Amino acid sequence: MNELDSIVDSARQAFAAAATPADLENAKARFTGKAGRITELMKGMGALGVDEKKTRGAAINLAKQAIEAALADRRQALADAELQAQLKAEALDVSLPGRLREPGGLHPVSRTMERIELIFSSMGFDVADGPEIESDWHSFTSLNNPPNHPARSMQDTFYVDIKGDDGVAYNLRPHTSPMQVRYAHQHIKKHADAARAGAAMPEIRVIAPGRTYRVDSDATHSPMFHQCEGLWLGDNVSFKDLKVVFTDFCRTFFESNDLALRFRPSFFPFTEPSAEIDIQFQSGPLAGRWLEVAGSGQVHPAVVRNMGLDPEKYIGFAFGMGPDRLTMLRYGVDDLRLFFDGDVRFLRQFR
Ligand code: DAH
């Protein structure tokens, strides 16, 4: 390799080794700068003869051009690298998911409530609402459950610091049954004018869904829970009607025509006779087991009297069921508390 070729070669190596534009400019100075090697060679040409000058000058020029070309390439490469680094540093991560507004949905128990209302409305039942802070008389006494009666302990409840006219503390209603008497009073008042004019009062047919409270807390009991009361009173409404209505309701609610129902004798102060209603699925994970879903019975004459009606003329049935329980059965949920924890990971599944 002649001298010029080796200079070009070492220039290329020096440029390649330069990691920054500043390094590169320093390297350049060693070759084509004022005291650079090529510049030195040019200066040394003064002593040469004319012909030699020509060939030597042309050769040096070629070497210089080669060095400048290598320099330009390296400059470009360094500039490209810098741009790439900058782009990378300022990169916008377009893969980050946006802040989505998830559509809300009805709570599973609200879905059940709506379903219950829809089914009973289609059977001609009115839907009524009532207070959750209730008087002692409405929650217990009017329902044939007098003070100090042991049946009151079936519904151990919360009391509030407000006393009624009777001097007895109000309670957070332990069941929706007070709505039986409340609704009957409203119904009688509503039809009072027509009754005075001699018209017969229409039958009472109502459901009353809502929140209820008891001193209870475990996997299947929550201090706040839901109930739905039902009442049908007329001049000839019997247990047979209760069976038809409730069977129809359960089969529609669970969309199962072969659902079996069992009326198991029980006790409630406000009904006589009384029965617990159990259901049995014929297929699915719960098939074959009897599951309690409601209390029911023929409305006790004392309760009919407290409604302001004559028990000789008015007869019928009532029931009280647990929409939370129905929701658990419908969706296969085994812990009631999940409904009231408010965890969206659970609730989202019902959207
Ligand atoms: N109130 C009762 C309870 O909470 C349920 C009940 C039973 C309601 C029988 C009724 C009925 O209307 O007839 O345990």
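Bear in mind the structure is a predicted one, so any value in this text is a computation, not a measurement. Side-chain atoms are counted along with the backbone in the values below, which use heavy atoms only and exclude waters and symmetry mates. In each ligand, atom 1 is the first atom listed, and ligand 1 is the first ligand listed.
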Element-labelled atoms of ligand 1 that are located less than 4.0 Å from some non-hydrogen atom of Q227: 3 (C), 4 (O)
Does any N/O atom on P174 come nearer than 3.5 Å to any N/O atom on ligand 1? no
Atom 12 (O) of ligand 1 sits nearest the protein heavy atom E229 OE2, 2.6 Å
If you take the nearest heavy atom of each of G320, S296, A208, which one is closest to atom 9 (C) of ligand 1? S296
Please determine if D51 and K54 form a salt bridge, counting it only when a charged side-chain N lies under 4.0 Å from a carboxylate O. no
Parallel, tilted or perpendicular, judged at 30° and 60°: which one describes the rings of H185 and W137? parallel
Numbered atoms of ligand 1 (with element) below 4.0 Å of T271, judged on heavy atoms: 13 (O)
Per-atom contacts of ligand 1 with G297, taking only distances under 4.0 Å to non-hydrogen atoms: 13 (O)
Under 4.0 Å, heavy atoms only, figure out whether ligand 1 is touched by the backbone of F270, its side chain, both or neither. side chain
In Å, rounded to the nearest 0.5 Å, how long is the span from CZ of R30 to CZ of F15? 8.5 Å
Short list, please: which atoms of ligand 1 are under 4.0 Å from a heavy atom of Q180? 12 (O)
The option among M321, R214, R173 carrying the non-hydrogen atom nearest to atom 3 (C) of ligand 1 is R214
Hey, are K313 and E203 close enough for a salt bridge, meaning a charged N less than 4.0 Å from a carboxylate O? no
Given the ring of F253, does R330 sit roughly above its face, with NZ or CZ under 6.0 Å from the centre of the six-membered ring and within 45° of the axis? yes
For R152, is there an ion pair with D136 - N to carboxylate O distance below 4.0 angstrom? yes
Geometric cation-pi criterion R111 and F350, 6.0 Å radius, 45° cone: no
Interfacing atoms of ligand 1 (cut-off 4.0 Å, heavy-atom, S177): 1 (N), 8 (C)
Distance from D324 atom CG to H221 atom NE2, nearest 0.5 Å? 10.5 Å
Mark up the atoms of ligand 1 that fall under 4.0 Å of a heavy atom belonging to F268, in ascending order. 7 (C), 9 (C), 14 (O)
